[in-house]
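Please read the structure below before turning to the comments.
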2 protein chains.
Amino acid sequence: MRQPTLEEVAARAGVSKMTASRALRGARDVSAASIEKVKVAAEQLGYVGNQLALSLSSRRTNLIGVVIPSMSNIVFPEVLGGIIGGLEGSGLQPVFGVSDYDLDKERDIIRNMLSWQPAALIITGLDQPEETRKLLRQSDIPVIQIMDLDGEPIDFVVGLSHTQAGREMAEAILASGRKRIGYIGSAVDRDKRAIKRRAGFEAVLQDNGRYFVSVETSLEASSSRLGRDLTGRLLARHPDLDCIYCSNDDMAAGSLFACMKLGRAVPDDILIAGFNGLEITSALPVRIATSTSPRRAIGEQAAQLALAAMNGNGRDLARRIELRAEITLGDAER
Amino acid sequence: MRQPTLEEVAARAGVSKMTASRALRGARDVSAASIEKVKVAAEQLGYVGNQLALSLSSRRTNLIGVVIPSMSNIVFPEVLGGIIGGLEGSGLQPVFGVSDYDLDKERDIIRNMLSWQPAALIITGLDQPEETRKLLRQSDIPVIQIMDLDGEPIDFVVGLSHTQAGREMAEAILASGRKRIGYIGSAVDRDKRAIKRRAGFEAVLQDNGRYFVSVETSLEASSSRLGRDLTGRLLARHPDLDCIYCSNDDMAAGSLFACMKLGRAVPDDILIAGFNGLEITSALPVRIATSTSPRRAIGEQAAQLALAAMNGNGRDLARRIELRAEITLGDAER
DNA sequence: ACTGGTATCGATACCGGTATCGGTAACGTA
DNA sequence: TACGTTACCGATACCGGTATCGATACCAGT
């Protein structure tokens, strides 16, 4: 009554285990007649196969480990969608883990994944501590770090420079004539990439003899609610701001809603800028500025890179793929 | 230079493979001295372990297969978050698959997952065709269907009645005095649960001698942009609507934005109703109606049910856990 | 008739762990 | 002293597949 094994399928088909194995895998050295018999037997028994045995025996798995920091920020599920898409038809199975932006947790997840002997690993960010990096180097499989470019890659990296994204947004905003700029930030202790964007933004401000007029941050994860609340506080203290740079689009949406509630005209009176280019920004009644991160493309490219690296052409592969975030300022009427 | 095996760890520690295995697993029948030696050896070699061999040999895995229809609708990542949370500390590893609302794809994913011998399976919805159900029954592992309650469960089910949710929303809306109600729908061929909500809603309308004044639907996946566009069309034809029921909150947000753009007062002039209770609805400058689906709770309960069912107490477990969506009409000023 | 090649198949040895069970040493007890 | 118990350990047999290699049968060519 258990799941039937290959042995049983073979017995029923009147051939050896080995022949049955070959028949089901479509390998050579089997007669058409045998293939037919085995397929019929497998069908009748509802044979499913055992990947554990397969992988152990053949010493390769079809697993790709993927570690992301969060599930509640839609950006990462979108990256996963890209990875799944990029793996489509390759026969590879992604396995996910969520680190909650916790580097210790990330290490544990990676260790756990390695014990499944994955064919490759895709992890988020470049900020892994030495212990994790050692684990990854020892494992001797392709490691692809995604999302970020600012840092020292282990192996392959696909992403964008967040410092640069912050810098470009600052330049665009300054060019548009905004002068009194505030900042609201979420998860300021954990979200390394938001920190880099802010740093890039502030660097440009400084180069132009400016600085953030006011800053409101929180340890909480980003959300539109948090964006709304921090904006409320920011504007209570500094009603004269003409721009608010937000750690991401969730925050920016909330910031916009706070402005609407206060009767502030966006973007004429005050410009709201975020990051990611979430779908919702294209439906809002007024435009906010954002840089559209190529998150789906990052997933796809990472998946394809993983495939290529597994197939041995590791030598002549680009070890660094830079994708760019595209800025929309939203000053213009659509 | 390969990953070291248990054999090598044992050799280095000067004990047998078996003793090393026991030491690392914390099993009994090993002296403290041996445990120490083995742990040191494992540490020195950077031993990671091989789950494939472990699972094949012990005939049990720590895998829980999870199939969801989409990654781009934030609701499902949130369910996954709940599942991950519910599994925390149990040593179980969730493995995800995304079906894109495609039942054939779902079957293939399930077949693939079964070949990994998971300890349990969590799948979305109750609308699997017979072929898939047969596969699941044969597998002889606990199967937990989530999100929905309207249908015939295979084994366990955790969710809510979408028909009921639609019905309740209709009742609340009618009770608030709305009379001319329109509907906008997304993915109308695939999103079975949205279909059920609409059916429940319409049933109540009918009971009250009413009907949708107008309906706009699309095959596209739900998005705020689609909600905005469909609302635009709806109001162009029927400017006198005093309520729009949307297939979900993404659509409802877009619908709201369209109303704002048109200068319609929400909710006084026109009420927008959605489903899910997405985070964003709590930050909007005006309130929209929604039913908050207990999606994280569904994930958590499903995970706990899976744990319980695996541990053999299958007999005396609730086979059906009903959670309820909580309605917020949003008429009241907050 | 003999040789070599091709197509097909199966026996055997793994893969890297764990389950099981029997063996040995040390210790307590009659 | 003999015996039973307990603590600890390792040999062996798997788990369910695949890799590898040799065996067999059949055919064509000389």
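Convention: sequence-line order gives letters A, B, ...; per-chain numbering from 1. What you see below is based on every heavy atom in this structure, not just the backbone, and it leaves out hydrogens, waters and symmetry mates.
- Checked against side chain to side chain contact (heavy atoms under 4.5 Å, CB included), A:Glu88 has the following partners two or more places apart in sequence or in another chain: B:Lys105.
- In this structure the side chain of A:Val95 reaches within 4.5 angstrom of the side chain of B:Gln93, judged on heavy atoms.
- Take B:Ala23 and apply the side chain to side chain contact (heavy atoms under 4.5 Å, CB included) test, not counting sequence neighbours, and it matches B:Val30, B:Ile35, B:Val38.
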Please write out each protein N/O paired with an N/O of nucleotides 23-27 of chain C under 3.5 Å, distance rounded to 0.1 Å.
none

Contact list (N/O, under 3.5 angstrom) for nucleotides 17-19 of chain D vs protein:
| from | atom 1 | to | atom 2 | distance (Å) |
| --- | --- | --- | --- | --- |
| D:dG17 | OP1 | A:Tyr47 | OH | 3.1 |
| D:dG17 | OP2 | A:Leu6 | N | 2.8 |
| D:dG17 | O5' | A:Tyr47 | OH | 3.0 |
| D:dG17 | N7 | A:Lys17 | NZ | 2.7 |
| D:dG17 | N2 | A:Ser57 | OG | 2.9 |
| D:dG17 | N3 | A:Ser57 | OG | 3.3 |
| D:dT18 | OP1 | A:Arg25 | NE | 3.4 |
| D:dT18 | OP2 | A:Ser21 | OG | 2.1 |
| D:dT18 | O4' | A:Ser57 | OG | 2.5 |
| D:dA19 | OP1 | A:Arg60 | NH2 | 3.3 |
| D:dA19 | OP2 | A:Arg25 | NH1 | 3.0 |

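- In this structure, A:Asp29 places its CG atom 14 Å from C1' of C:dG5, rounding to the nearest Å.
- Side-chain contact between B:Ile146 and B:Val66 is absent, with no heavy-atom pair separated by less than 4.5 Å.
- In this structure A:Lys196 satisfies the side chain to side chain contact (heavy atoms under 4.5 Å, CB included) test together with A:Asp127, A:Asp148, A:Asp150, A:His162, A:Thr163, sequence neighbours excluded.
- Judged by distance alone, the side chain of B:Glu106 and the main-chain N or O of B:Val67 form no donor-acceptor pair under 3.5 Å.
- Sorted by first and then second residue, the pairs that involve residues 71-99 of chain B and meet ring-ring contact (aromatic ring centres under 6.0 Å, His included), not counting sequence neighbours, are A:Phe96-B:Phe96.
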Just list the side-chain donor-acceptor pairs under 3.5 Å for residues 47-55 of chain A, sequence neighbours left out, or say none.
| from | atom 1 | to | atom 2 | distance (Å) |
| --- | --- | --- | --- | --- |
| A:Asn50 | OD1 | A:Leu52 | N | 2.8 |
| A:Asn50 | OD1 | A:Ala53 | N | 3.2 |
| A:Ser55 | OG | A:Gln51 | O | 2.9 |

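- The nearest whole Å value for the distance from the CD atom in A:Gln117 to the P atom in C:dG16 is 8 Å.
- Summarising the geometry, the separation between CH2 on B:Trp116 and C1' on D:dC15 is reported as 15 Å, rounded to the nearest angstrom.
- Atom OG of residue A:Ser115 and atom CD of residue B:Gln3 lie 10.0 Å apart, to the nearest 0.5 angstrom.
- Note on the helix from C:dA1-D:dT30 to C:dA30-D:dT1: terminal axis deviation equals 50°, with five pairs used at each end and the result rounded to 10°.
- Between B:Arg59 and B:Val30, the residue anchored nearer the 5' end of DNA chain D, judged by the nucleotide with its closest heavy atom, is B:Val30.
- With sequence neighbours left out, B:Glu300 forms a side chain to side chain contact (heavy atoms under 4.5 Å, CB included) with B:Arg296.
- Contacts of residues 31-45 of chain A with DNA chain C (heavy atom under 4.0 Å): A:Ser31, A:Ser34.
- A:Leu160 places a side-chain heavy atom less than 4.5 Å from the side chain of A:Pro294.
- For residues 58-77 of chain B, the set of pairs meeting the salt bridge (Lys or Arg N to Asp or Glu O under 4.0 Å) definition, not counting sequence neighbours, is empty.
- Pairs passing the salt bridge (Lys or Arg N to Asp or Glu O under 4.0 Å) check and including a residue from residues 30-54 of chain A, sequence neighbours excluded, do not occur.
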